[in-house]
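Shown next, in structure tokens, is the structure this report addresses.
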Amino acid sequence: MRHTITDDLVQTQREWTATYRRLALQPGRTALRRRLLHLSRILAGERLTPAEKAELRRRAQGEA
């Protein structure tokens with residue numbers, strides 16, 4: 001079954017990346033860790049194939 005990568009999912013990946021980067025600069029921030037975990041659960045729940053995950057990351061970075 002092919003998964004459709006929606007604009008909402010691309011936005012979630014963008015938010016995940018931004019939150020991850022902020023947490024790297026500000027370690028120990030509980031709110032950022034919680035946000036990252038929340039976004040990770042959303043992305044993990046999509047059950048994407050490795051190729052779909054790569055496509056999602058490309059689209060989130062604006063490459064596709």
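Quick note: numbers below take in every heavy atom, side chains included, and nothing from hydrogens, waters or symmetry partners.
A donor-acceptor pair under 3.5 Å is absent between the side-chain atoms of R59 and the main chain of V10, judged by distance alone.
Side chains of T49 and E52: a donor-acceptor N/O pair is present below 3.5 angstrom, by distance only.
When all heavy atoms are compared, the tightest approach of L48 to L56 is CD1-CD2, 3.8 Å. Among all heavy-atom pairs drawn from E55 and I5, the shortest one is CG-CD1, 3.7 Å. In terms of heavy atoms, L43 sits closest to Q13 at CD1-OE1, 3.5 Å. Taking each heavy atom of L9 and E46 in turn, the nearest pair found is CD1-CG, 3.5 Å.
Atom CD of Q11 and atom CG of D7 lie 9.0 Å apart (nearest 0.5 Å). The line from CH2 of W16 to CZ of R57 is 8.0 Å long, rounded to the nearest 0.5 Å.
Partner L37 forms a side-chain contact (heavy atoms from CB on, under 4.5 Å) with one of R34, R41, R35 and no other, that one being R41.
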